[in-house]
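A short worksheet on the structure shown next.
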Amino acid sequence: MTKPRKRKYITGIIVALLIVCAVIVRIVGNSGILPVTSGLIRTFIYIGMYICWGISVSKRIVQTQVRRNLIAVSLLNVFWFFIRSIKYYFVSDPDFSRQLWYWYYFPMLFIPLFSVFVSMSLGKPENYRLPKWTSLLYIPTVLCLLLVVTNDFHQLVFSFPAGEVWSDKNYDYVFGYFPVIGWEIICALTSFTIMVIKCRLSQRKKYLPLILLCICILYAVIYVSGAEWMQIIGGDITAVQCLMFTGILESCIQCGLIQTNTGYDSLFEAGTFKAQITDTDYNIRYTSADSPKLSENVMRSAESGAVSLDKNTVLKSNLIEGGHVLWLEDISDIAALLKELEENKETMAESYLLEQENYRTKLKINTLQEKNRLYDLLQEQTAHQIDLLDSFFARYNTETNYEKRRSLLAKIAVIGAYIKRRGNLMFIGEKSDTTDTAELSLCLEESFANLELLGVECALDIPGNNMIFTKDAIRVYDFFEEVTESAIDALRAVWLKARSLDDAVIFHLEVECESLLADFAELAESSHFEDGVWLFSLRVGKAGEQS
């Protein structure tokens, strides 16, 4: 049995025992044994239960309005028992006692009203707010309360015999009583009806509110029938009504109709994300299922930054209220990528010293800033180029002809430059939706520099200070790369120039080659082929403008 479930059962047993004790104390008091003391003990039991329930609700309930209404119900229950105890055990003046009796109707009117508000919010999202028209329901409730508490002036609710002491033991109902009790019944029935409908839609323990509703109805029938045993055990209708309303609302919490923020400890313990939560002294409070045991020194060392536990795992830490949260990150993919890049760097070191420096700088930046998510995204978007690199490396390792090996290295440089610059654009896109055409120009300049190693004549003319969307810059660069890869063995010349308009930038790509590039016509706004030269045009809208 899980800790939350065990705690729930223990709480239920304690509540049940308290109710049994209250019933026993009532029976003892009605038997004439210390009636005042017995009554006060029973009052303290119930008041303590409702205070504890209100505190529990304030900690568990997610929705602000539902939480406030349930706390209000708890306070009204406490108020009801408080004035009832004062009336029966501390007041002898009949006028004051009668006024306390009138104020019974404050919780009697507002508990059903707040229950309506709660029932309307059942099953709703955390940020749900009641419609503004529901505030109008306060008007008849307040008017009914005023009608009762001012009864001494008009006797429109209760009438008392002339010449006798006015008390709650000798009165008759007048026509004003029926709107008051009718409004209570309307609110209660409305609340119960909405609960029944929403219990039908709930998939978890939906029977709980219905069972308590049936018990409430059965109690009312037995109480009205005047059964003697019920008068002995449950003759205090104040106590029973408070228990029934509270029980029904609590059952809605248990069946999930009222959202709570409990159960996260079990969810955390069942997780497989290798994390721990500690207090300020690094005593472990919660741990996920697969989290390894860490020493206090290791956990403290993570305060100043990530700590490497081995070549594939780092430990990170962050402050939270009351302690720390620590988690492990698997960097095996990044480690494998770094290893592969290091091997490639060594292979190309003799011919590309400048590229080696750029590569080392970029490798250092990637080592510090690269995250698993960005790595996976880059790997997915350049999977074709990675496979192409593997193919070129395999051919290079088996090739003996110097010129062919040199050509393969140049092709590797072209593909490697694209992967690197494509990653740059992707990283820029993670931070900003827009970029300058100068950034795209830098990407293309590096690709052209490597194409020239293959003997390809290249020319580039892109005006700067034009902001375009990063996704459009990626689209232009991807289009250039696809065309280049398709014709890399037959390329003679590549020219790319751009022209800035008021709302767009037009890119013109001219490719002189013997390859057939007709398949790329659909990816461009326009295409043309003449005398062995392919011309493609791409129109890119400026950032903030319509193209």
Side-chain angles (χ1 to χ4, degrees), residues 354-355 358 381-382 384-385 388 410-429 434-543 545 547:
L354 180 59
E355 181 64 19
N358 293 337
Q381 294 180 356
T382 60
H384 171 70
Q385 284 73 27
L388 201 56
K411 292 177 182 179
I412 290 171
V414 172
I415 301 301
Y418 168 75
I419 293 176
K420 184 184 73 171
R421 288 297 182 175
R422 180 63 166 73
N424 284 351
L425 290 176
M426 187 187 72
F427 297 148
I428 291 172
T434 62
T435 186
D436 197 296
T437 50
E439 185 64 35
L440 177 59
S441 179
L442 291 174
C443 297
L444 291 165
E445 282 179 3
E446 187 164 350
S447 293
F448 279 14
N450 288 286
L451 279 174
E452 289 174 350
L453 295 175
L454 290 169
V456 180
E457 181 181 349
C458 300
L460 178 67
D461 181 16
I462 298 179
N465 298 324
N466 288 294
M467 297 302 296
I468 61 174
F469 290 104
T470 308
K471 63 181 181 179
D472 289 332
I474 292 175
R475 179 167 67 92
V476 172
Y477 194 41
D478 286 348
F479 181 81
F480 160 78
E481 179 65 20
E482 290 177 13
V483 172
T484 302
E485 290 177 9
S486 178
I488 194 167
D489 292 323
L491 275 176
R492 292 194 296 272
V494 178
W495 302 279
L496 195 152
K497 57 184 178 181
R499 182 163 54 93
S500 178
L501 303 179
D502 290 339
D503 60 348
V505 179
I506 308 298
F507 291 88
H508 299 286
L509 175 63
E510 296 183 20
V511 180
E512 183 180 348
C513 66
E514 298 175 359
S515 300
L516 183 62
L517 303 179
D519 292 342
F520 296 98
E522 296 181 357
L523 302 177
E525 273 71 21
S526 65
S527 63
H528 181 68
F529 176 72
E530 184 177 353
D531 297 332
V533 178
W534 291 87
L535 174 62
F536 301 99
S537 295
L538 295 170
R539 180 185 178 90
V540 173
K542 291 185 178 179
E545 303 288 346
S547 62

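All values below were derived from every heavy atom in this structure, side-chain atoms included, with hydrogens, water molecules and symmetry-related copies excluded.
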Distance-only donor-acceptor hits, side chain of residues 411-418, under 3.5 Å, sequence neighbours excluded:
unit_1	atom_1	unit_2	atom_2	d
K411	NZ	D489	OD1	2.4
Y418	OH	D478	OD1	2.6

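In this structure the side chain of K497 never reaches within 4.5 angstrom of the side chain of L460, judged on heavy atoms. The closest side-chain heavy-atom distance from L523 to E482 is below 4.5 Å. Considering only heavy atoms from C-beta on, L535 stays 4.5 Å or farther from L509 through its side chain.
Here the straight-line distance linking atom OG of S447 with atom NZ of K420 works out to 9.5 Å at 0.5 Å rounding. To the nearest 0.5 Å, atoms CZ (R475) and OG1 (T470) are separated by 13.0 Å. A distance of 10.0 Å separates CD in E510 from NE2 in H528, rounded to the nearest 0.5 Å. We find the OG1-CG distance between T434 and N466 to be 12.5 Å, quoted to the nearest 0.5 Å. Here CD of E445 is found 10.0 Å from CG of L440. Values are rounded to the nearest 0.5 Å.
Counting only residues at least two apart or in different chains, ring-ring contact (aromatic ring centres under 6.0 Å, His included) contacts with residues 482-519 are absent. Sequence neighbours left out, not one pair with a member in residues 515-525 passes salt bridge (charged side-chain N to carboxylate O under 4.0 Å, His left out). Residue pairs meeting the salt bridge (charged side-chain N to carboxylate O under 4.0 Å, His left out) criterion with at least one partner in residues 452-469, sequence neighbours excluded, do not occur; the list is empty.
D436 places a side-chain N or O within donor-acceptor distance of the main-chain N or O of N465, the cut-off being under 3.5 Å.
Residues satisfying the side chain to side chain donor-acceptor pair (under 3.5 Å) criterion with E439, sequence neighbours excluded, are absent altogether. Among residues two or more places apart in sequence or in another chain, the side chain to side chain donor-acceptor pair (under 3.5 Å) test is passed with S515 by none. The side chain to side chain contact (heavy atoms under 4.5 Å, CB included) test applied to A524 returns F479, F536, L538, not counting sequence neighbours. In this view, T437 satisfies the side chain to side chain donor-acceptor pair (under 3.5 Å) rule with no residue, not counting sequence neighbours. For L501, the side chain to side chain contact (heavy atoms under 4.5 Å, CB included) partners are R499, D503, I506, R539, not counting sequence neighbours. Residues satisfying the ring pair (Phe, Tyr, Trp, His ring centres under 6.0 Å) criterion with F448, sequence neighbours excluded, are F480. Scanning for salt bridge (charged side-chain N to carboxylate O under 4.0 Å, His left out) contacts around R492 gives E512, E514, with sequence neighbours left out. Residues satisfying the side chain to side chain contact (heavy atoms under 4.5 Å, CB included) test with L491, not counting sequence neighbours, are L451, V456, T484, A487, V494, V511, C513.
Closest non-hydrogen pair, A473 versus I468, comes out as CB-CD1, 3.9 Å. The two atoms that bring C443 and Y477 nearest to each other are O-OH, 3.6 Å, heavy atoms only. Residues G541 and D472 share a closest heavy-atom pair of O-OD2, 4.1 Å. Looking at every heavy atom in both residues, A498 comes nearest to V505 through CB-CG1, 4.0 Å.
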Working for salt bridge (charged side-chain N to carboxylate O under 4.0 Å, His left out), residues R422 and E481: CA-CA 10 Å; R422 180 63 166 73; E481 179 65 20; over 6 Å; no

Residue pair I474, K471: steps toward the side-chain contact (heavy atoms from CB on, under 4.5 Å) verdict: CA-CA 5 Å; I474 292 175; K471 63 181 181 179; 5.6 Å; no

